[in-house]
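What you see is a predicted model; the values in this text were computed from it and never measured.
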Amino acid sequence: MSETKAGIAAMIGACMIWGLSPLYYKLVAEVDPVEVLAHRTWWSLVFFAGVLAVRGRLGGVARALRTPRSAGLLVISAVMISANWFLFILSIQIEHATEASLGYYIFPLMAVLLGVVAYGERLDRAAAVAVTLATLAVALLAIREGRLPWVSLIIASTFALYGLVKKRVREDGMTSVTTEVLILSPLALGWLAAIHFGPVEGGVFGNDLRLSLLLAASGPLTALPLILFSHASQRVPLGTIGLIQYLNPTLQFLCATLVFREPFGPVQAVTFALIWTALAIFGGARFAQDRRRRRAVSSSATVPHT
């Protein structure tokens, strides 16, 4: 198997795990979402630290926290990814998985807007049309429901902000994520201690074998797709990765509508149709740009130099 094909397979694997993760969180829906988040944080740290230890790269975590700038950026990214994780877990428990999937569809367009605000990037015609369609979709849903789709918007914005901060982080993906969960682990362990030994009610771990095993599995479930994504990002063009990533919210959407049987009426259908159209325009334009860029690089490499 070629490197590119292996990378595409890894990317598909990562997106399938992410996309089907609502099925997992539905299995632990009886557990308080903060407790689920605490376990996800702790077991992710255990898994990531183990992987880095095997690779002899644990020293990278200490280097990531050495400078105030790097430590500050990782604290912000840790808060963003923790908020994103929590809201996703909560959305499954309160039967808003459809809104969660919409949030991950909106995320690429939210990231484009953040690029305009943070870096002064200009919207090309395709991006402007896509953002306009996404805005219409959100407005339509807000008018129909009498409220903003807050689950979708917060999931999209926290993940977009997370990506914005990560662009400024110099450490590789696995080291930075390990550092993020390390930063969050005192809060996670503090909460778990409070519900097991303190005045707060809860603490299912150790009291129910099935739930205990499921909660421990949140570490590998979080880490494995990130490892696969890291593998893919080194071997697959960004345009291709961007298109494959839409498999994630699509599977989440199918879980919400076909498995969880969440309501999906005409307004939701129009909303998603607008989002899918926006992403088709945006993704198609980015894919074409990526192909043109690679052709230009290939052509320049074949031109003889004197």
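- Put simply, the residue from Leu226, Leu228, Thr222 that forms a side-chain contact (heavy atoms from CB on, under 4.5 Å) with Trp18 is Leu226.
- Side chains of Ser101 and Phe272 form a contact here, defined as non-hydrogen atoms less than 4.5 Å apart.
- In this structure, Val181 is a member of the same hydrophobic cluster as Leu37, with clusters built from ILVMFWY side-chain heavy atoms closer than 4.5 Å.
- Ser70 places a side-chain N or O within 3.5 Å of a backbone atom of Ala64 that can act as its donor or acceptor partner.
- No more than 12 heavy atoms of other residues, nucleotides or ligands lie within 6.0 Å of CZ in Arg168, so this atom counts as exposed by the packing criterion.
- Annotation: Trp191, atom CH2; neighbour count of heavy atoms from other residues, nucleotides and ligands within 6.0 Å does not exceed 12.
- Under a 3.5 Å cut-off, the side chain of Ser44 and the backbone N or O of Arg40 do form a donor-acceptor pair.
- In this structure, the separation between OG1 on Thr250 and OH on Tyr104 is 14.0 Å, given to the nearest 0.5 Å.
- Environment of CZ in Arg55: sparse, with no more than 12 heavy atoms of neighbouring residues, nucleotides or ligands closer than 6.0 Å.
- In this structure the side chain of Leu182 never reaches within 4.5 angstrom of the side chain of Phe48, judged on heavy atoms.
- By the criterion of side-chain heavy atoms lying less than 4.5 angstrom apart, applied directly or through intervening Ile, Leu, Val, Met, Phe, Trp or Tyr residues, Leu184 is not grouped with Ile195; the two fall into different hydrophobic clusters.
- To the nearest 0.5 Å, atoms CG (Leu136) and OG1 (Thr277) are separated by 11.5 Å.
- Remark: aromatic rings of Phe253 and Phe264 are close, center separation under 6.0 Å.
- Relative ring orientation between Phe205 and Trp43 is described as tilted, the plane-to-plane angle lying within the 30° to 60° band.
- In this structure the side chain of Leu87 reaches within 4.5 angstrom of the side chain of Trp150, judged on heavy atoms.
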Salt bridge (Lys or Arg N to Asp or Glu O under 4.0 Å) for Glu30 and Arg210? Distances and angles first, verdict last.
CA-CA 12 Å; Glu30 60 194 275; Arg210 182 186 72 88; 3.1 Å; yes
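- When side chains are defined from C-beta on, Cys15 does not count as touching Tyr246, because their heavy atoms never get closer than 4.5 Å.
- The side-chain heavy atoms of Cys255 and Leu23, taken from C-beta on, include a pair separated by under 4.5 Å.
- Classified by interplanar angle (parallel below 30°, tilted 30° to 60°, perpendicular above 60°), the ring pair Trp276/Tyr105 is perpendicular.
- Side-chain contact between Ile275 and Leu133 is absent, with no heavy-atom pair separated by less than 4.5 Å.
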